Student: 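Before anything else, here's the structure in question.
Ligands are counted one by one from 1 in listed order, and the atoms in each one are counted from 1 as well. No experiment lies behind these values; they were computed from the predicted model shown. Numbering of residues begins at 1 and proceeds along the displayed sequence.
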Amino acid sequence: MTPVSDAAGTVVATGARLRLDTLGRIPAASAPLTRPDELRPGVLHLGLGAFHRAHQAVYTEAAMAAAGGDWGIVAVAPRSRDVLTRLTAQDGLFSVLTLSAGPPTARVVGAITELRHAASAPMAIVDRLADPEIRVVTLTVTEKAYRLTPATGRLQADDAVTADLTTERPPTTLPGLLARGLLARYRADAGPLAVVSCDNLPANGRLLGAAIRQAVELAGPPAALTWLAENVTFPATMVDRIVPAATAETVATTRAVLGVTDLATVSAEPFSQWVIEDAFPAGRPAWDQVGAVLTDDVAPWERLKLRVLNGVHSTLAYLGALDGAETVADALTRPGMRAVLTRLVAEDVAPTLSPPPGVSVDDYAATVLERFGNPAIGHRTLQIAMDGSQKLPQRLLGTLADLRAVGAEPRWAALSLAAWMRFVRGRADDGRELPLSDPKAELLRAALAAAPDTPDGVASALLGCAEVVPPALADDPVVRGLVTEWLTVLDRHGVTGALDAAG
Ligand code: CS2
């Protein structure tokens, strides 16, 4: 048997692979609820990352098992072939390894019926989007793939997007692919459809809908816009489950539980939540029967999750990475960290929220900190620190802007922003280099290079990046003053000194 390697490139396993014909070998408790060879497709999913596999795929499989329906998943890998190749060799099967204080459990998911690669065969995806069999499209493509200007949420009509929309060439961008697919569906008169963003963007449905309308306006006839308005919905969603990138250890643990090798396995925490705006013109899986909340108003859930969970996650990631913490759970053990995060939520974030009925922000935050403390998860601070320019507007800058609008002082949110700035500067407190992985890295680096390397210089340079920071914040002397103060503390005393400040 040929040895195979994991995502980190290490040789990790030989022996029987997870496949339809080896399903008989796995323990009954790990068996899938549905089998791909017995399903008809109905959902097209864009983005084959770990999060989709541990979240929507699990709900969709459970919904089919509970209530039937043709909702097998046509899973599309936008760029990398890696997971696609692994899943193809496994008949679309993969497992979710649940990690908590107890022994790990793994369950195989059998909801993926078809696997496709957008980068090498985009027109096949366009055709599938125009197929009446597909009635729901879901997306987990990360914030940057939407190609929105972070500060405004408008589609960036850059060269690649424009070429996708104004020429016949096969599309290369996500907005291009979706808009071309929807235009093909309009021409084929293939019926209504829901397109569901499952990424951590604010008002994700509305934002995606507006971007696609902007794209269709550039690419198609006016009648297509009318068709779009009447036939295609963009339901908002709040998605939540901690799903770190899989490692060689994930593969090894899954193998120990299943008895066969699964190279597409993902690990996740036990917690999972999905709140979905119920706007599906061509039906949907019975997600409501398997734990998802279908509602008219996702906004309070979404804002709570983005500002508390993701806001705290990013804060922990930047402070933790600066202080040499490799994982989120490790960062949380730094003296003073919990106190700072608790004050961040209670004093700065909570006043900007109207939580869903019956939900207490303090209790929610306490649960979030408990989840982040799960030592079995091993979520790397550097993974969360990635793409800050795309994440901070919805996680942090909205909190700052709302507090400033009522004249309040966002003390802890300013610390979080300062920690991001220091991370962008690229050195941890012990002098080690920190990698900046961000689609706006060049812009951010250029801004820093043009300014003096002093707390005030760094604050002004990065607040001045108009693509990331809205002008109302950039020009606010209170914000600039607070951020400069924190940068000074971080400069002189490091993260330890800043955490001391919570008292
Ligand atoms: C994390 C999220 O990577 C990140 O930026 O904050 O992926 C987070 O783990 C999920 O949103 C949890 O639902």
Side-chain angles (χ1 to χ4, degrees), residues 7 47-59 96 98-100 138-146 150 197-202 204 236-247 250 266-276 291-293 298 301-321 325-329 331-332 341 344-345 349 364-365 367-374 376-399 416 419-420 423-424 435-440:
L48 250 188
F51 187 69
H52 169 65
R53 281 174 279 152
H55 192 273
Q56 304 91 47
V58 173
Y59 282 92
V96 179
T98 304
L99 298 175
S100 58
T138 48
L139 282 83
T140 53
V141 289
T142 78
E143 296 86 342
K144 61 186 168 222
Y146 290 77
S197 164
C198 301
D199 284 296
N200 287 317
L201 291 163
N204 51 11
T237 59
M238 182 273 252
V239 290
D240 191 7
R241 190 168 194 187
I242 294 172
V243 186
T247 62
T250 321
V266 288
S267 64
E269 63 170 340
F271 181 94
S272 183
Q273 194 174 30
W274 198 6
V275 183
I276 312 166
V293 173
V298 175
W301 289 102
E302 190 183 55
R303 183 176 273 210
L304 175 74
K305 196 254 170 171
L306 287 173
R307 291 193 179 183
V308 177
L309 185 144
N310 294 115
V312 169
H313 223 188
S314 289
T315 308
L316 256 175
Y318 295 122
L319 288 172
E326 192 157 328
T327 66
V328 169
L332 203 51
L341 298 173
L344 166 67
V345 174
V349 181
Y364 181 85
T367 310
V368 161
L369 288 186
E370 202 179 306
R371 290 167 59 197
F372 288 168
N374 180 346
I377 288 290
H379 208 175
R380 292 176 60 243
T381 47
L382 290 182
Q383 188 188 344
I384 298 147
M386 273 170 54
D387 297 346
S389 71
Q390 314 290 301
K391 293 174 175 173
L392 288 197
Q394 55 273 21
R395 296 180 179 205
L396 184 67
L397 303 186
T399 298
S416 178
W420 170 68
F423 181 87
V424 171
L436 181 62
S437 171
D438 192 305
K440 298 286 174 211

Student: Any donor-acceptor pair under 3.5 Å linking the side-chain atoms of T381 with those of Y318?
Tutor: no
Student: Using the test salt bridge (charged side-chain N to carboxylate O under 4.0 Å, His left out), find all partners of D387 that sit at least two apart in sequence or belong to another chain.
Tutor: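 By the salt bridge (charged side-chain N to carboxylate O under 4.0 Å, His left out) rule, D387 matches K144.
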Student: Assess whether atom CD of Q383 is packed by more than 12 heavy atoms of other residues, nucleotides or ligands within 6.0 Å.
Tutor: yes
Student: Using atom types as modelled and distance alone, determine if a side-chain donor or acceptor of K391 lies under 3.5 Å from a backbone N or O of N310.
Tutor: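 The answer is no, because no donor-acceptor pair under 3.5 Å joins these two groups.
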Student: Run through all N or O atoms in ligand 1 and write down each protein N or O closer than 3.5 Å, as a pair with its distance.
Tutor:
| unit_1 | atom_1 | unit_2 | atom_2 | d |
| --- | --- | --- | --- | --- |
| ligand 1 | 5 (O) | K391 | NZ | 2.8 |
| ligand 1 | 5 (O) | R395 | NH1 | 3.1 |
| ligand 1 | 5 (O) | R395 | NH2 | 2.9 |
| ligand 1 | 6 (O) | N310 | ND2 | 3.2 |
| ligand 1 | 6 (O) | H313 | ND1 | 2.7 |
| ligand 1 | 6 (O) | R395 | NH1 | 3.1 |
| ligand 1 | 6 (O) | R395 | NH2 | 3.4 |
| ligand 1 | 11 (O) | N200 | ND2 | 2.9 |
| ligand 1 | 11 (O) | K305 | NZ | 2.6 |
| ligand 1 | 11 (O) | N310 | ND2 | 3.0 |
| ligand 1 | 13 (O) | D240 | OD1 | 2.6 |
| ligand 1 | 13 (O) | R241 | N | 3.0 |
| ligand 1 | 13 (O) | R241 | O | 3.4 |
| ligand 1 | 13 (O) | K305 | NZ | 3.1 |

Student: Would you please name every residue forming a side-chain hydrogen bond (donor to acceptor under 3.5 Å, both in side chains) with T138, sequence neighbours left out?
Tutor: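 Scan of T138 (side-chain hydrogen bond (donor to acceptor under 3.5 Å, both in side chains), adjacent residues dropped) gives H45.
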Student: Residues two or more places apart in sequence or in another chain: which of them pass salt bridge (charged side-chain N to carboxylate O under 4.0 Å, His left out) with R53?
Tutor: none
